[in-house]
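Below: the structure, in structure tokens.
Below, each value reflects all heavy atoms present in this structure, side chains not excepted, and no hydrogens, waters or symmetry copies. Each residue takes its place number in the sequence, starting with 1.
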Amino acid sequence: MTSGTAALQERRYRILVTGYAISSYGTFLNVVALSLYVYAVTDRALAVGVFMAVRLAAGFVAGLAAAAVLARWSPKGVMFWANVAQAAALLLLVLAPDGFRTGTLFAVSAVVGASGTLFMVTLRSSIPDMVGEGRHTWANSLMVSGRSMAMVAGFASSGVVVSLLGYTAAFLVDMATFLVCALTVLLLPMPMSPARGDEESDDDGDDEKGSQGGGQEGEGADGPGRRRVPAALVALGAVPVLGLMVALRGIDALGSSSHNAALPVYSTELDADNPAVFVSVFWCVWALGNVLVQQVLQRYTKRTGRSVGALGFGLGTIAMSGTFILAFAGLPWAATVLVALLAGAADGLTEVSYTSHLQTLPSPLRTHAFGLSATVENLGFGVGMIVVAAALDVFTPLSVVGVAHGAAIVLALVYVARVLRGRGAQEAGEAQEAHEAQEAQEAVPASEAREGKQGKQVEQGEQGKGESGAGPARGGHRDGAEVSGG
């Protein structure tokens, strides 16, 4: 790849990340505005919970279907229409008559949940094709940085936008952010839909893989629809400890649900008159730590040419879960700010290392892995929100967050042990191979090496003098003559 091509790829990817950050702002503004609007329309707290459940369930299903969707549509087409669908859903909500708004709200929830998951699966799995080899960590860091800043801006401005401009204006702003992201997707040098020849070729390739690998997948003759789940299982086995990594990601999502649900409760306990202060400060500092660690990761990768890898994901999860537990321990403000900063840094580290590791998979398996990961994450977060909400009525925020993130720490320790054991076995195997090669080399007699050299001299002598002048000056002339005569 020429430097000009690489620079063009980087510039277009930066434009896409800008659009993604803008749409992420709309997403986080959406979370607050839509939740408040659901309560305002229905006047029932249960409706807010059902609204979130529908959104997570739609994301769960979209994660399962992502590989099948990307098998028929190009990544550019999926990302474009995912943003257009969210914008259209919000426009529909704005135009819906009063009697249809409740039903429209839940339809919007499903569309936003499914489209958001499809967009993220497609973006993450397509990054290696957008930026080329060796740039995964940089690309992932840039993406996470944009989303982190957008999250803070979205949460911080949601109350102001809704209070001053109203729900309709908030929904129109959300719609505009998704349309901007869709426009940046159009600038990507990728086709909107796969060519017919490529599609048929992929189908033939799948059939061939099914016939050759039927013993592994067990679905070779049952049609494409029956190969989706086995393909996801193949993806889990394609990279060492990948299955455990995805499981840890799901438990981490459960832990995330605990601190997201517990923060408003804990903040109210600290200051009942101004409960938003602690939450706002915590997330702002968290985002700062996230952005700072991305700068460190980008410089580390540029200087060393290496990524943090699978081990960084496990260690980052341990650090992140530990700091989130400490955030609810009633520490002084200065210590809590430092904890929030470290939590954001650890969260950013895990996000980049996890995404980069999955991106090492071949393209078809990569899509299945990211789709399965999105499904597991939505499941973990959704189940966590239900369980945590019930637990917070009985137990303190510290105990609830401690149990949820403690489970993540335990599984992360198992994961780190597996990674280190795998590395140790690999290094031992490489050392053994090197030792055997050295022994084989030393087993060759020194005289054999000399004889080979003398044979070469004999051959050169015979070519110059004929047979009368043949014969080396030293021993071993028989072997040399035999070599030259052969």
Side-chain angles (χ1 to χ4, degrees), residues 1 4-27 59 62-90 111-133 135-136 138-140 142-144 146-147 150 175-203 205-206 224 228 231 355-356 358-359 361-371 373-374:
M1 182 186 300
T5 303
L8 180 61
Q9 282 185 335
E10 180 176 321
R11 183 162 57 252
R12 286 176 172 171
Y13 180 74
R14 286 182 183 275
I15 294 173
L16 175 62
V17 169
T18 301
Y20 168 63
I22 292 173
S23 69
S24 295
Y25 167 79
T27 298
L64 290 176
V69 171
L70 286 170
R72 298 300 174 189
W73 292 81
S74 72
K76 182 177 180 178
V78 173
M79 289 189 289
F80 174 79
W81 289 112
N83 281 283
V84 171
Q86 293 180 82
L90 290 167
V111 171
V112 169
S115 299
T117 298
L118 280 176
F119 179 85
M120 282 309 303
V121 170
T122 306
L123 175 59
R124 288 172 174 172
S125 61
S126 301
I127 281 177
D129 300 324
M130 294 180 188
V131 300
E133 293 294 332
R135 300 287 286 164
H136 301 176
W138 168 80
N140 293 324
L142 193 65
M143 178 186 68
V144 174
R147 189 182 64 193
M175 183 185 70
T177 64
F178 292 120
L179 292 177
V180 169
C181 186
L183 290 175
T184 61
V185 170
L186 287 178
L187 297 177
L188 292 174
M190 304 164 65
M192 279 293 290
S193 59
R196 182 62 185 168
D198 295 341
E199 193 172 314
E200 292 175 352
S201 175
D202 290 343
D203 292 341
D206 289 342
R228 293 174 190 166
T355 304
S356 298
L358 262 62
Q359 286 168 350
L361 289 167
S363 181
L365 293 182
R366 186 167 68 233
T367 301
H368 282 286
F370 275 110
S373 174

Residue pairs, two or more places apart or on separate chains, that pass salt bridge (charged side-chain N to carboxylate O under 4.0 Å, His left out) and touch residues 14-27 | Glu10-Arg14
Say you draw a straight line from CE of Met143 to CG of Leu16; how long is it, rounded to the nearest 0.5 Å?
-> 10.0 Å
Phe80 and its side chain to side chain contact (heavy atoms under 4.5 Å, CB included) partner, picked from Val185, Thr184, Leu183 = Val185
Evaluation steps, side-chain contact (heavy atoms from CB on, under 4.5 Å), between Leu123 and Met130 = CA-CA 9 Å; Leu123 175 59; Met130 294 180 188; 4.3 Å; yes
Set of residues satisfying ring-ring contact (aromatic ring centres under 6.0 Å, His included) with respect to Tyr20, sequence neighbours excluded | Phe119
Could you tell me which residues satisfy side-chain hydrogen bond (donor to acceptor under 3.5 Å, both in side chains) with Tyr25, sequence neighbours excluded, listed by chain and number?
-> Ser157
Find the distance between CG (Leu358) and OG1 (Thr367) and round it off to the nearest 0.5 Å.
-> 10.5 Å
Sequence neighbours excluded, which residues qualify as side chain to side chain contact (heavy atoms under 4.5 Å, CB included) partners of Ala88?
-> none
Pairs satisfying side-chain hydrogen bond (donor to acceptor under 3.5 Å, both in side chains), at least one member in residues 79-89, at least two apart = none
Write out all pairs satisfying salt bridge (charged side-chain N to carboxylate O under 4.0 Å, His left out) with one or both partners inside residues 115-125, taking only residues at least two apart or from two chains.
-> Arg124-Glu351
side-chain hydrogen bond (donor to acceptor under 3.5 Å, both in side chains) involving Ser356 - partner list, sequence neighbours excluded | Asn140
Which residues share a side chain to side chain contact (heavy atoms under 4.5 Å, CB included) with Thr122, sequence neighbours left out | Leu70, Pro75, Val78, Met79, Ser126
Non-neighbouring partners of Thr117 that pass side chain to side chain contact (heavy atoms under 4.5 Å, CB included), sequence neighbours left out | Ala62, Val121, Ala374, Asn378
Closest non-hydrogen contact found for Asp129 with Arg366 is OD2-NH2, 3.4 Å
Partners of Tyr13 by ring-ring contact (aromatic ring centres under 6.0 Å, His included), sequence neighbours excluded?
-> Trp138
Spacing of CZ belonging to Arg12 relative to CD1 belonging to Ile15, to within rounding of 0.5 Å | 8.0 Å
Residue pair Thr177 / Gly26: nearest heavy atoms and the distance that separates them | OG1-CA, 3.4 Å
Residue list, side chain to side chain contact (heavy atoms under 4.5 Å, CB included) with Ala21, at least two apart or on another chain = none
Taken in chain and number order and not counting sequence neighbours, the residues that satisfy ring-ring contact (aromatic ring centres under 6.0 Å, His included) with Phe370 are none
